[in-house]
Amino acid sequence: MLLSVFAVIRVILVQPEGEYNVGFVARLCKNFGVKELYIVNPVCDVTKGREFAVRGIDVLNESRVVQTLDEAITDLDLKIATSSIADIPGDFLRKSVKPWEITKLILNKRVGLIFGRESVGLTREEISKCDLLLHIPTNTEYPVLNLSHAVGIVLYEINRNAIQNSAKISDEALRLLDKYIREVVDTIKKNPQDERIYYSLKRTILRGIGDEEDARTIIRFLRKIYLRINGDI
Ligand code: SAH
Ligand code: SAH
């Protein structure tokens, strides 16, 4: 539940070759509250993944099989490719971010995490369609993780961060924070570019708030600013 307050996550598997991996990934999605699983042009029998999905079976049943990566990513705000091969000097496409670095970028976004084929990973063309390339640091002698293990590590890291950021803040406080940030920004907005203030402010405030008390104080503060600007107090 917490993860879905934080961001909408879609796990995308490109041409998975092993049904066990598809099943394990569906289970991981369920473990970490990810509802969207897209499978691009699978080369294995996805239905055989069921026995490995266990109680993640509903995620597998509701997964979408599409023919191209484009279909899986068109409606997303942020697309994050993943690879075991990263940071080769001179190769701009393979400059990577680490799992703990993406957590601060995904707040309130629709985010796709794109994982490649067990045999050859993602193509350069597929990576170039994404905004970021994520690499999980490992023993450099053997950096290639099993596909489902890579999914598990990334989802764990995102979920860990979501718990730390919003565990002690009620849904009502989150709603009120959003409401007053929205209202203050709408009041001072002069041109469409000012819309970015809303996202920036919300992200910054949510990242910094430690508990419900903090949240209530900031809500009061924003509410007072809003009322003052509008001449009500
Ligand atoms: N039905 C069993 C399942 C055990 S899973 C049970 O509920 O105990 C097998 C092992 O994986 C567990 O014994 C534990 O070592 C590890 N494991 C599974 N999920 C875990 C979690 N969320 N946190 C820590 N260890 C976990
Ligand atoms: N020989 C292929 C192996 C792909 S492993 C290659 O090196 O590209 C299958 C998928 O697991 C990868 O496409 C990637 O999505 C993920 N993966 C494996 N190891 C990873 C790592 N260290 N960091 C990030 N993703 C990894």
Side-chain angles (χ1 to χ4, degrees), residues 1-3 9-34 36-44 46 49-57 59 63 65-66 68-70 72-73 76 78-89 91-103 105-106 111-164 167:
M1 288 310 113
L2 284 166
L3 221 172
I9 305 288
R10 177 181 303 165
V11 168
I12 300 165
L13 302 181
V14 177
Q15 289 208 303
E17 291 151 4
E19 52 263 13
Y20 53 94
N21 274 332
V22 175
F24 287 150
V25 169
R27 178 175 182 167
L28 282 162
C29 286
K30 186 75 177 185
N31 287 145
F32 290 109
V34 170
E36 298 187 20
L37 173 61
Y38 278 50
I39 305 167
V40 180
N41 198 13
V43 292
C44 61
V46 168
R50 288 175 171 202
E51 66 174 293
F52 303 97
V54 196
R55 285 168 60 193
I57 187 78
V59 178
S63 67
V65 174
V66 293
T68 63
L69 177 60
D70 287 336
I73 61 176
L76 297 171
L78 190 70
K79 290 148 266 187
I80 304 175
T82 56
S83 180
S84 59
I85 308 165
D87 303 311
I88 301 161
D91 189 346
F92 75 97
L93 200 58
R94 291 198 181 268
K95 269 216 165 308
S96 75
V97 294
K98 308 290 174 275
W100 55 87
E101 291 171 335
I102 62 163
T103 53
L105 304 172
I106 65 175
V111 183
L113 302 169
I114 298 119
F115 295 87
R117 304 154 187 86
E118 291 91 330
S119 54
V120 293
L122 294 168
T123 63
R124 289 182 71 82
E125 198 199 341
E126 285 160 351
I127 294 172
S128 70
K129 287 181 175 171
C130 299
D131 304 298
L132 296 168
L133 179 73
L134 180 145
H135 174 70
I136 302 162
T138 58
N139 176 357
T140 49
E141 282 171 29
Y142 188 22
V144 185
L145 292 153
N146 163 271
L147 168 60
S148 67
H149 296 181
V151 173
I153 290 168
V154 177
L155 294 186
Y156 167 75
E157 186 63 33
I158 293 175
N159 191 55
R160 185 179 73 85
N161 212 270
I163 291 168
Q164 279 180 345

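Side chains are part of it too, since the values below use all heavy atoms of this structure and drop only hydrogens, waters and symmetry mates. Sequence positions, counted from 1, serve as the residue numbers for this chain. First listed ligand is number 1; within each ligand, the first listed atom is number 1.
- No donor-acceptor distance shorter than 3.5 angstrom exists from the side chain of Asn161 to the backbone of Trp100, with no hydrogens or angles considered.
- Residue-to-ligand polar distances place Ser84 within reach of ligand 2: an N/O pair is separated by less than 3.5 Å.
- Residues Pro143 and Ser84 come closest through the heavy atom pair O-CB, 3.6 Å.
- Of the N or O atoms in Glu118, none lie within a sub-3.5 Å distance of an N or O in ligand 2.
- Shown in contact with Leu134 at under 4.0 Å from a heavy atom are these atoms of ligand 2, numbered in order with element: 24 (C).
- Contacts of Ser119 with ligand 2, taken as heavy-atom pairs under 4.0 Å, involve the backbone alone.
- When all heavy atoms of Ala72 and Leu76 are compared, the closest pair comes out as O-CD1, 3.8 Å.
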Evaluate side chain to side chain contact (heavy atoms under 4.5 Å, CB included) for Leu133 paired with Leu122, printing each intermediate quantity in order. CA-CA 11 Å; Leu133 179 73; Leu122 294 168; 5.6 Å; no
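- Scanning all heavy atoms of the two residues, the minimum distance from Gly116 to Thr82 falls at N-OG1, 4.5 Å.
- Identified under the side-chain hydrogen bond (donor to acceptor under 3.5 Å, both in side chains) test for residues 125-145, with sequence neighbours left out: Asp70-Lys129, Arg117-Glu126, Thr123-Glu126.
- For ligand 1, the 4.0 Å heavy-atom shell contains no protein residues.
- Listed by atom number, the atoms of ligand 2 under 4.0 Å from Ala150 heavy atoms are 16 (C), 17 (N), 26 (C).
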Practice task
For side chain to side chain contact (heavy atoms under 4.5 Å, CB included), just list the numbers for Arg124 and Asp91, CA-CA rounded to whole Å, side-chain angles, deciding distance to a tenth of an Å, and then say yes or no.
Solution key: CA-CA 11 Å; Arg124 289 182 71 82; Asp91 189 346; 2.9 Å; yes
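- Ligand 2 places these atoms under 4.0 Å from at least one heavy atom of Val120: 2 (C), 8 (O).
- Between Thr82 and ligand 2, at least one pair of N/O atoms sits closer than 3.5 Å.
- Residues passing the ring pair (Phe, Tyr, Trp, His ring centres under 6.0 Å) test with Phe52 are Phe24, sequence neighbours excluded.
- Less than 4.0 angstrom separates some heavy atom of Pro143 from each of these atoms of ligand 2: 19 (N), 21 (C), 22 (N).
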Inset, instruction - Under the side chain to side chain contact (heavy atoms under 4.5 Å, CB included) rule, what do Leu155 and Val11 come out as? Steps first, then yes or no, please. - result: CA-CA 9 Å; Leu155 294 186; Val11 168; 4.2 Å; yes
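- Every residue two or more places apart in sequence or in another chain that forms a salt bridge (Lys or Arg N to Asp or Glu O under 4.0 Å) with Lys30 is listed here: Asp58.
- Remark: ligand 2 atoms within the under-4.0 Å shell around heavy atoms of Ile85 are 7 (O).
- The neighbour count for Arg27 CZ, taken as heavy atoms of other residues, nucleotides or ligands under 6.0 Å away, does not exceed 12.
- At least one heavy atom of Arg117 sits closer than 4.0 Å to an atom of ligand 2.
- Checked by distance only, ligand 2 and Ile136 come closer than 3.5 Å through their nitrogen or oxygen atoms.
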